[in-house]
Amino acid sequence: MEVGNNGPEKVEQTPRKTSSGMDENVAGLLTYVLGFITGLIFLLIEKENKFVRFHAMQSIVVFGALFVASLVLNVIPVIGTIVSVLILPPLSLVVWIVLMVKAYQGKMYKLPVAGEFSLKQLEKMNN
């Protein structure tokens with residue numbers, strides 16, 4: 001913040017651009033919009049921006065895992081079906097919203113396990 005004659009003023013920062021020309025926070029948000037599908041798309045098209053690539057990889061890991069968990073739980077009679085219908089959807093919705101908001105705010109928000117795993121996978125891809 002800068003302090004002017006009229007008190008504190010917010011200084012606007014111009015968002016960094018990605019190689020595709022988008023603002024990085026918008027691209028980060030879009031990596032989560034359709035779950036692992038948009039994560040995969042952005043991982044393939046964005047070659048330079050580490051912020052977008054991280055969010056794309058985290059989207060693939062998180063929503064890919066939730067998708068597989070849903071498939072597995074649907075095979076388990078009664079308890080699996082109950083969990084996949086009553087617990088997984090609200091959990092997925094909350095995680096989805098939090099990740100999109102954090103990415104749009106420009107934060108490199110890492111989920112405890114998936115975030116670290118995503119960083120390690122990106123390091124392997126870059127070598």
Assigning hydrophobic clusters by single linkage (Ile, Leu, Val, Met, Phe, Trp, Tyr; side-chain heavy-atom cutoff under 4.5 Å), is [X] placed with [Y]?
X	Y	result
Leu73	Leu93	yes
Val72	Val85	no
Ile97	Val33	yes
Ile45	Phe54	yes
Ile87	Val94	yes

Quiz item: Going by atom types alone, do Ser84 and Asn74 pair a side-chain donor with an acceptor below 3.5 Å?
Solution: yes
Nearest 0.5 Å, what's the [atom1]-[atom2] distance between [X] and [Y]?
X	Y	atom1	atom2	answer
Ser118	Glu123	OG	CD	11.5 Å
Lys120	Lys124	NZ	NZ	8.5 Å
Leu30	Tyr104	CG	OH	10.5 Å
Phe36	Met57	CZ	CE	14.0 Å
Ile60	Ile37	CD1	CD1	11.0 Å
Tyr32	His55	OH	NE2	5.0 Å

Quiz item: So, for Gly39 and Ala56, which heavy atoms are closest and what is the spacing to 0.1 Å?
Solution: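 Distance-wise, the nearest heavy atoms are O-CB, 3.3 Å.
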Quiz item: Which atom pair, heavy atoms only, marks the closest approach of Ala103 to Phe51?
Solution: O-CZ, 3.4 Å
Give a yes or no answer on whether the side chain of [X] reaches the backbone of [Y] with a donor-acceptor pair at less than 3.5 Å.
X	Y	answer
Thr38	Leu34	yes
Lys47	Leu44	yes
Asp23	Val26	no

Quiz item: For atom CG of Leu86, is the number of surrounding heavy atoms from other residues, nucleotides or ligands below 6.0 Å larger than 12?
Solution: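 Yes - once you tally the heavy atoms of other residues, nucleotides and ligands closer than 6.0 Å, there are more than 12.
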With heavy-atom distances below 4.5 Å as the criterion, would you say the side chains of [X] and [Y] are in contact?
X	Y	value
Glu48	Arg53	no
Lys110	Leu119	yes
Ile76	Thr81	no
Val98	Leu111	no
Leu43	Met125	yes
Gln58	Phe63	no

Exercise. Please test Asn25 against Arg16 for side-chain contact (heavy atoms from CB on, under 4.5 Å), starting from the C-alpha separation and ending with a verdict.
Key: CA-CA 8 Å; Asn25 65 327; Arg16 293 188 305 192; over 6 Å; no
Quiz item: Charged N to carboxylate O below 4.0 Å: is that the case for Lys17 and Glu24?
Solution: no
Practice problem: In sequence, state the C-alpha distance, the side-chain angles, and the governing distance for Val83 and Leu88, and then conclude on side-chain contact (heavy atoms from CB on, under 4.5 Å). | Solution: CA-CA 6 Å; Val83 170; Leu88 219 48; 5.5 Å; no
Practice problem: Please step through side chain to side chain donor-acceptor pair (under 3.5 Å) for the pair Ser19 and Glu46, ending with a clear verdict. | Solution: CA-CA 6 Å; Ser19 60; Glu46 181 58 52; 3.1 Å; yes
